[in-house]
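Structure first, then comments.
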Number of protein chains: 2
Amino acid sequence: MAFNQVFEALAHPVRREILARLRSGPLSAGDLADGFDLTKPSMSVHFKKLREADLVSVERQGTSLIYQLNMSLLEEALAGVLTLTDGRGAADGGTSTKGKHE
Amino acid sequence: MAFNQVFEALAHPVRREILARLRSGPLSAGDLADGFDLTKPSMSVHFKKLREADLVSVERQGTSLIYQLNMSLLEEALAGVLTLTDGRGAADGGTSTKGKHE
DNA sequence: TCTTTAATTAGAAGATTGTCTAATTAGAGA
DNA sequence: TCTCTAATTAGACAATCTTCTAATTAAAGA
């Protein structure tokens, strides 16, 4: 439903790589963060964006958080781009009042 | 090649809608801009991003610029996400030196 | 050449993003 | 309860994005 969040999530190479790693199976936040040239808190922010886009799901296991890929939404989003409907029918810019931003 | 630019281009709803409209066939910048709640210069900036991502091609016709969808690259990018390789093999964060940004 | 139409580029301002360090939350175990 | 490990949230700051108005470029026609 939140197509926009999905595409924003996919817009960053680190997040796409996170998804790529999850294809092999679930991973803890720590394992997932290993190998990236970023601090853990920075990685955590990327995880959050993926969660909010519902591209991954989380489950606690002791002190660890285990991330898992939610492939179906990803596929939906991409199918949406191929038909380029974005889930809707019309545009976001349907009526032109030139509202300007302030 | 520039997968990153493709995904950044897809990250904005206005640009996805532009692509959607181009599916019906080529359109001039002016026609393409009609119906969006943005000024022409703002639309022009979106066009530019799509050109830079190579998602559209342009051709001049008198005083008009005619935009056309470049579907193949779009399909490539999405196929890339489904296999989640991003065109490469490994990650961007291959070696972890925690380089920090300044 | 001058004017008109179509579209872009330039420059500015506000909002958002990405990153860091520091502090906090949550569970496990002694 | 205290401590340790795992991970997140908070706050700050630089860089990028989005939008605007104003100015510029390009082609066509009188």
Side-chain angles (χ1 to χ4, degrees), chain A residues 2 4-18 21-22 26-53 55-68 91-93 96-102, chain B residues 2 4-18 21-22 26-53 55-68 91-93 96-102:
Chain A
N4 207 38
Q5 277 183 300
V6 172
F7 283 108
E8 272 171 24
L10 289 174
H12 199 287
V14 165
R15 290 192 292 265
R16 289 197 300 277
E17 179 60 27
I18 290 169
R21 292 196 184 177
L22 286 176
L27 281 172
S28 71
D31 287 349
L32 210 40
D34 282 344
F36 283 95
D37 199 13
L38 292 175
T39 62
K40 285 260 194 97
S42 297
M43 291 302 293
S44 203
V45 174
H46 287 301
F47 297 156
K48 187 179 190 179
K49 281 206 159 59
L50 291 171
R51 285 197 311 269
E52 287 172 349
L55 286 171
V56 300
S57 54
V58 207
E59 190 191 351
R60 182 173 279 279
Q61 212 166 91
T63 56
S64 293
L65 290 180
I66 308 298
Y67 280 90
Q68 180 158 24
D92 139 61
S96 79
T97 332
K98 290 283 178 300
K100 272 60 189 166
H101 80 136
E102 81 207 51
Chain B
N4 208 36
Q5 277 184 300
V6 172
F7 284 108
E8 272 172 24
L10 289 173
H12 199 287
V14 165
R15 290 192 291 265
R16 289 198 299 278
E17 179 60 27
I18 290 169
R21 292 196 184 176
L22 285 176
L27 281 172
S28 70
D31 287 350
L32 210 40
D34 283 344
F36 283 95
D37 201 13
L38 292 175
T39 61
K40 285 261 195 93
S42 295
M43 290 302 293
S44 204
V45 173
H46 286 301
F47 297 155
K48 187 179 190 177
K49 281 203 160 57
L50 291 171
R51 284 196 312 269
E52 286 171 351
L55 286 170
V56 299
S57 55
V58 209
E59 188 192 351
R60 183 173 280 278
Q61 212 166 90
T63 56
S64 292
L65 290 180
I66 309 297
Y67 280 91
Q68 180 158 24
D92 140 60
S96 80
T97 332
K98 289 285 177 300
K100 272 57 188 169
H101 80 135
E102 92 203 46

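A note on names: the letters A, B, ... follow the listed sequences, proteins ahead of strands, and every chain is numbered from 1.
Atom P of nucleotide C:dT17 and atom CE of A:M43 are separated by 18 Å, given to the nearest angstrom. When the P atom of D:dT19 is taken as reference, atom CG of B:D37 falls 10 Å away, rounded to whole Å. Computed from coordinates, the A:F47 CZ to D:dT9 P distance equals 12 Å when rounded to whole Å. As a whole-Å value, the separation of A:N4 CG from D:dT18 P is 11 Å. Whole-Å rounding puts the B:I66 CD1 to C:dA7 P distance at 7 Å. Atom CG in A:L27 sits roughly 15 Å away from atom P in D:dA6 (whole-Å rounding). B:K49 places its NZ atom 5 Å from the P atom of D:dC17, with the value rounded to the nearest Å. The CD atom of B:E59 sits 18 Å away from the P atom of D:dA26 (whole-angstrom rounding).
Legend: side-chain hydrogen bond (donor to acceptor under 3.5 Å, both in side chains) pairs involving residues 55-64 of chain A, not counting sequence neighbours: none detected.
Smallest separation of non-hydrogen atoms from A:R21 and A:D34: NH1-O, 2.7 Å. What you find for A:N4 and B:A11 is that their closest heavy atoms are OD1-O, 3.9 Å. Contact between A:A53 and A:V6 at its shortest, heavy atoms only, is O-CG2, 3.7 Å.
Among the nucleotides C:dT9, C:dA26, C:dG18, the one closest to any side-chain atom of A:R60 is C:dA26. For B:H12, the side-chain atoms get nearest to D:dT18 when compared with the rest of C:dT8, C:dT9, D:dT18.
The distance from the CD1 atom of A:I18 to the CZ atom of A:F47 is 5.0 Å, given to the nearest 0.5 Å.
Look at B:H46 and you'll find a side-chain N or O under 4.0 angstrom from OP1 or OP2 of D:dT19. The shortest distance between the side-chain N/O atoms of B:S42 and the OP1/OP2 oxygens of D:dT18 is not below 4.0 Å. For the OP1/OP2 pair of C:dT8 and a distance below 4.0 Å, the side-chain nitrogens and oxygens of B:S44 include at least one atom meeting the criterion. Here A:R15 reaches the OP1 or OP2 of C:dG18: one of its side-chain N or O atoms lies under 4.0 Å away. Between C:dT8 and B:Y67, a contact under 4.0 Å exists linking OP1 or OP2 to a side-chain N or O. At C:dA28, none of the side-chain N or O atoms of A:T63 fall inside 4.0 Å of OP1 or OP2 (strictly under the cut-off).
Between A:P41 and B:R51, the one whose closest nucleotide on DNA chain C sits nearer the 5' end is B:R51. Each of A:Q61 and A:V45 has a nearest nucleotide on DNA chain C; the 5'-most of these lies closest to A:V45.
A:S64 comes within 4.0 angstrom of sugar-phosphate atoms only, judged by non-hydrogen atoms across all strands, and of no base.
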